[in-house]
Amino acid sequence: MYGNGRGSFLPRDRKTTPSSTWETLYTHADTHGYSKFTHHHQRSCTTTNNKESKKRAFVSQHHSVSFDSPPPVGSKHDLIANDLLSVLLPTNPVMHVWKFSFVLLLLFGLLLFLPAVVMVMTVYRNDEYHSSNATIGTILENTFLSSFFGVLPWWTVCGIASILWTYYYYSTTLCHWGKPWMDPKVFGVGRQDMHVPLRLFGSVQNARLAACRPDLASFSTGPLDKAPMDCHPRQLQQQHVVSNLTSNVWLLDPLPSWTFQLFSTVEQALQAVQQTKEAKSTMHNTCITNMPIPSNWMLHPHVDDIPIYTNQKYPFPCQPPVVPVDNPTGMYQLELNQHDPALWPTFWNSTCDDNKTNPVQYSLVLHGIESACFVYWNCTYLGYCQDSRLPSEFIVPSDTLWDSAGKGLLQLIVIRWSDGSYLEDQDHWWMAGIHRSVELIRRPSQADIMDYHVLADHHGHIRVSVSVRQSTNQVMLQQQRRTKVRVQLFQDEQLTADGSQYKLADAPLWTDTQTTITEKSSVLEFQHVIPNTLTWTAETPHLYTLVLEQLDEDEKVLHQCESCRVGFRSVAIDHHHDNNDTDADGGKAGILKVNGRPITVCGINRHEHDPDRGKVISLKRMMQDITILKQNNFNAIRTSHYPAHSSFYRLCDFYGMYVCDEANIETHGLKPMGRLAHDAGWESAMISRVTRMAQRDYNHACIILWSLGNEAGRGRSLIQARQRLLELDTSRPICYESGGLWGEGTGRSELTDVVCPMYTSVPRLQELHQRIDEDRPIVLCEYSHSMNNSNGNLHLYWEKFWDPSFPRLQGGFIWDFKDQGLRKTTQNGRPFFAYGGDFGDVINDQQFCINGMFSPDLEPHPSVNEIKYLQQPVKITSQTGTKSLSLPVSLVTDGKASTPQFPATLLLENRYTFRDLTQLQWRWELCCSVSQHPIGSGSAEDDGERLVMDWSNFASHLLELEFKHTGVQYFLNVMASLKESSTWANAGHEVAKEQFIVTVTVDWAVEKTDQHVPIRNDVGHKVYVRETAHDLEVISTDVRNDPTIPFVVFSKLTGSMQSLCWDGEKEMLGRNGMAPNFTRATTDNDRGGLELVLEHMLLKWAQPAFFLSSGFQHFSHYMHWKQNGLTQDQPPHVVCDDMTYDQREHLVVVKAKCSARNVYGTIVLRLTTTYTICGRSGQIQVHCKVIPQKCLRNIPSLPRIGLSLELNPSLCHIRYLGRGPNECYPDRKTGSQLGIWTTSPSKMGYDYIVPSETGNRSDCQWVSLEDIDNGGSGILIASSHNETFEFSALLHTPDELNHARHTCDLDERKAGQHSIFVNIDHQLMGVGGDLSWFPCVYPEFLVKADHEYEYWLRLVPLSSRADLDNEVAVFANQIRHSLL
């Protein structure tokens, strides 16, 4: 367990600003190197004797504790490489100076050494040197000139090289020495210590109300006539505010006096500040653009700067810590007026504190600025900050608050690129600006609460640590010692997410009071045990309200009040072993537990992204994000790859969502990735980002894991950051994936308590669980890369996650939540979502940001249906444990049917961890293969373990179907939904579903009479064949208009069906007819392979070398297809080698033997297609046999084996029997149910931002395409011989989809007005989804090229809608029999 589950809190009785900790940290880093730290970490649980170190040490052991056990996972090769590279490729100013000096000395050494060497060699080669009569003087005199002219060219080269090297290195690197935005040791000048959000409320009532709201309470000047409740009315003359909970936090965002100007360099912006100071002008005469706050300036239409997207590349030359001189820098200015109620809260003027020894303190809070910022107030420098995802607070001195005219000028110099950018390479858009709010906080003189941390466990223990300000003035110190801090805990209820509805408790559950400052410490500790607490989990997010009050000695005057919501929750990893590898309570060892119970992480990674506002996320958008995830059975979020907005955690507390809180660190673009993590010059910056995150977010119950960052390699800096984090908190595990050299690590290094690999395949995941040297829980930090049409194989992961024989496989976080596209419009006004390269950014990673399960505006991808089903909290099975039911029906003497009750009982397995199933209501539907409508439905009752359904009312209907038809298929659909509305969904929202295949057996009391369905006779009886030079025509004698009109036309050149006209009037096929098809519009996963990896690593030039060494073994499917002529750009050309026919009176059999040649002329496939045309019924049976040739034996998979049809536009009403209603593929179909579904070509596909293969439906038995405006005439396509097929019908060709880069590249088409492009596939390769940069389709979903394929289809004419029911009945009656 994590200690006693109670955690620890580090009293912040020492300054933690960078300037006061450099020496300590560097000394610690030198004392405890990598190997020493590892040894210390392994022994810290048992060898520590110091009481204070025991309190702060991480007392949990997450490896086997054995001195002869193997060292921590992850060899030291990456650390050694980083040591070498730190000299060859320095990443901090000190090492750059060492490198410069060394190389310069080397060059100058060559200048001096080379002439001497040349002279010696010249002398040695001189004949006089070997003569006994020669003297040294003679030799030198004769050889001096020749040696001098011999060495002169080399001397010149070395001299020029020295000069060029000196100039280059100085101009690109050393000249930037001393600039804060290029010095990793400078990241927080003048910045205050991080703390939890403080609102300085004036009353307990306001504090409690604010705690029940997701936003950070503040007020702002505005048009509403409301005022803070804690202000005296006379203080509010001519003052208007829009919030009424605090009067000490002023939101500056909506003020109208913000102005903005963009400079091309940082120096220009700083010079503008100096000019403002000298001219005493706010530069209103210059070109300044109004800018909304918060915003990213490159999304403003009048700002000349662009967003840039990269996955792992840096958008500038990678030479840490140097950034480009041409560095877009924005200057934000806000002018305030002490006497203008619109530009200053005038009631602050009337409450100014006259206390000179400890006056009112003003501080400026910047909640989020990218990437660095200089802060000035009235041209006085306040400080400098980095870390674009955490707040920075600066004190505004009272003597600089106003100038002589009562005006104040805030100037923020926001720098786009800084050394901090090297730590923020997070597979997201690079967009600078102020993307979170700006606040001005007024701290009264006697408001001394500076920070507080709360820890509450599921046993009811609560501990509150309050840090108070300790004045250096003795008079004030004596006053502080007479004040008190009171802690109160209320069981308040927040009824709505926005806090508009609440229920406040009448009295506190707990109250305690202490004197503010003792002789020994400025930290107050409160502890208590609350009996019968309601615990917090993601399923049961019960919260309490904690209120802190600072009171005077008599407890009558309130100086300060703070509040937060508290959840009683514990997180633990059990590592107690007995002989059976189980812990004391019978659970398996190495399990991540919440409140003592194992959890399954149904998680997803979430970037902060808005398609219109970039990195500015509104409260409404946060609510939408969380609720849509809850509605789709997600219970966890990883804040990839930086801390989220403070309000987001408050919402997760309220809704119930586990959070992995991640530090703002990623150095993916560096190779190796751990170069900065291993560099001592970056250590303090990394530690700051980790610890400040924990200091801000400590109090949130939703956070169950801390993360040190993402893809930043291994290194001493991260080891120190982990240690500092453990000093702050031992109540939560720490996870961190990276440990690799050039790419992703294993997630098994000494830095993590949870094994958290990324993109591990299912077989590899199973092997990882079975390792004997690993006992930690396994939670995938990233898996199932959702790029484009993806997320195949999800069901294989969740088979393992739910399998009780793999208890340490506890889920993971899908990558990722939403596509990070930015909304843009074409010149003709058509909107689309843009990605890398669409804004003129040259360095980009194109559509790699389009990898979410939801669109940018939260439209679910088809794969969401799959993951919702797999993560559903209830498992529903039959009594045999399968997804099939046997239903016996008996016919009694009165002619009625009866069904026994026992087949209508299902078993339920509750997968909730902390709640039962009483909040769910159940309903069922029994559907069949011959009707679009359920043949029975109703509600069901459950007792928590069984679900009972009453089927007696529809037994006679079922018997009627069985009597009329043979081979009817039945599908039982069971659905669970919410009984009552919750905070995240309305009543009736579907939570779980399951489908069962029902086998009906009838005990007939009378002999069954076969029912014959009438056979069509309206098409014609006698058929005959007419042969032309290029075609073979089949003609019917009963075609109405002209007996010479062909019934069916086949091309003798290609062997394909060119025309199909059953009634002689309406042509069913388009100009492309029906032909074999072996290609598809490429998906991003199809393109994923070694060539993509090499391109991302800037090693595209090395592709030929890899090809020569290993062939195309690790290259993408697309590369294989391209090499063999199987791409949509260059599809194989089918040529008919021989066409024969056999003509009978009512039957014609046409056989076409064809070969498919690629663009190189090679035959890649041979195929034989046999068409059997029945004149009596009008049906056409298609029999295809496909034989891949030997030249394809080495490719992993063919794209598809099937037929493509271009159909008449009028056939736009589609019905099919197969899986639906959403898009599904062979490796992504478990969440789709069998049934008869209705759709249209305009609805079958999904508008992926990058168009690709789409719209498929799996396991289809038949599909009809009808003209509803012409009585339902059309075509029915059915499988034969108990087979199924894959089906799609779209309004764009695969070629059009393949060439389009955005949805706007496809013209808008409406169903009924454009040809329909249909694919009927016998075999279709899966979409894959484990990752998108290597082939990831599992073997069972490949279309192997070493197999022969054979399939049958039927084409059946339809003349009316009523006729379709007959054809369905025919199909259902004949599905298990031969058809023709």
Side-chain angles (χ1 to χ4, degrees), residues 1-8 41-46 56-66 69 72-73 455 457-459 535-538 569-578 580-603 635-636 638 658-662 694 701-708 722-723 725-726 728-737 746-757 765 768-781 801 804 806-813 913-914:
M1 299 286 290
Y2 279 73
N4 58 3
R6 305 278 295 279
S8 67
H41 175 67
Q42 290 179 338
R43 301 191 52 153
S44 63
C45 301
T46 55
R56 300 180 182 178
F58 183 58
V59 296
S60 165
Q61 177 60 44
H62 298 290
H63 303 275
S64 299
V65 183
S66 173
S69 62
V73 177
L455 190 64
D457 66 23
H458 71 292
H459 296 296
T535 58
W536 186 97
T537 70
R569 185 267 302 130
S570 303
V571 185
I573 296 177
D574 282 349
H575 283 275
H576 302 291
H577 295 263
D578 60 18
N580 297 320
D581 194 35
T582 60
D583 62 17
D585 62 3
K588 293 291 183 179
I591 306 297
L592 176 66
K593 294 184 176 182
V594 171
N595 296 349
R597 299 183 184 181
I599 64 168
T600 300
V601 177
C602 305
N635 68 3
R638 178 176 177 231
Y658 298 125
V659 173
C660 173
D661 200 8
E662 190 151 271
C702 63
I703 299 173
I704 64 169
L705 294 168
W706 298 120
S707 171
L708 300 179
R722 173 185 167 88
Q723 280 297 93
L725 182 55
L726 291 176
L728 290 173
D729 182 25
T730 60
S731 69
R732 298 173 175 94
I734 298 173
C735 64
Y736 177 66
E737 179 273 340
T746 62
R748 296 182 58 233
S749 71
E750 71 288 346
L751 294 170
T752 184
D753 305 318
V754 177
V755 176
C756 52
L765 195 62
L768 183 60
H769 184 275
Q770 295 171 343
R771 292 181 67 103
I772 60 174
D773 61 344
E774 187 58 77
D775 67 346
R776 289 173 288 182
I778 302 171
V779 178
L780 295 173
C781 69
F801 293 155
F806 295 93
R808 291 191 297 108
L809 295 184
Q810 292 187 257
F813 299 90
T913 308
F914 301 99

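Please read these numbers as outputs of a predicted model, since none were measured by experiment. Heavy-atom basis, side chains included; hydrogens, waters and symmetry copies ignored.
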Roughly how far, to the nearest 0.5 Å, is the [atom2] atom of [Y] from the [atom1] atom of [X]?
| X | Y | atom1 | atom2 | answer |
| --- | --- | --- | --- | --- |
| Leu728 | Gln723 | CG | CD | 11.5 Å |
| Ile734 | Cys756 | CD1 | SG | 11.5 Å |
| Tyr736 | Ser707 | OH | OG | 8.0 Å |
| Phe914 | Trp536 | CZ | CH2 | 9.5 Å |
| Ser570 | Arg597 | OG | CZ | 12.5 Å |
| Leu809 | Ile778 | CG | CD1 | 5.0 Å |

Give me the atom names and distance for the closest heavy-atom approach of [X] to [Y].
| X | Y | value |
| --- | --- | --- |
| Leu725 | Ala694 | CD1-CB, 3.5 Å |
| Lys593 | Asp574 | NZ-OD2, 2.8 Å |
| Arg569 | Val594 | CG-CG1, 4.0 Å |

Are the side chains of [X] and [Y] in touch, meaning some heavy atoms are under 4.5 Å apart?
| X | Y | answer |
| --- | --- | --- |
| Pro733 | Val571 | yes |
| Val779 | Cys735 | no |
| Asn635 | Thr600 | no |
| Leu780 | Phe801 | yes |
| Thr537 | Asn595 | yes |
| Cys702 | Tyr658 | no |

[X] side chain to [Y] backbone, donor-acceptor under 3.5 Å:
| X | Y | answer |
| --- | --- | --- |
| Gln810 | Ile599 | yes |
| Arg748 | Val755 | no |
| Arg638 | Asp661 | no |
| Arg808 | Ile591 | no |
| Arg776 | Thr752 | yes |

- Query: Do NZ/NE/NH1/NH2 and the carboxylate oxygens of Arg722 and Asp753 come within less than 4.0 Å?
  - Reply: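 Yes, Arg722 and Asp753 are salt-bridged.
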- Message: Among residues at least two apart in sequence or on other chains, which ones pass side chain to side chain donor-acceptor pair (under 3.5 Å) with Trp706?
- Response: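 Side chain to side chain donor-acceptor pair (under 3.5 Å) check on Trp706 returns Asp729.
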- Set of residues satisfying ring pair (Phe, Tyr, Trp, His ring centres under 6.0 Å) with respect to His458, sequence neighbours excluded: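 With sequence neighbours excluded, His458 shows a ring pair (Phe, Tyr, Trp, His ring centres under 6.0 Å) to no residue whatsoever.
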- Item | Criterion side-chain contact (heavy atoms from CB on, under 4.5 Å) on Leu708 and Leu751, from CA distance to verdict | CA-CA 9 Å; Leu708 300 179; Leu751 294 170; 4.3 Å; yes
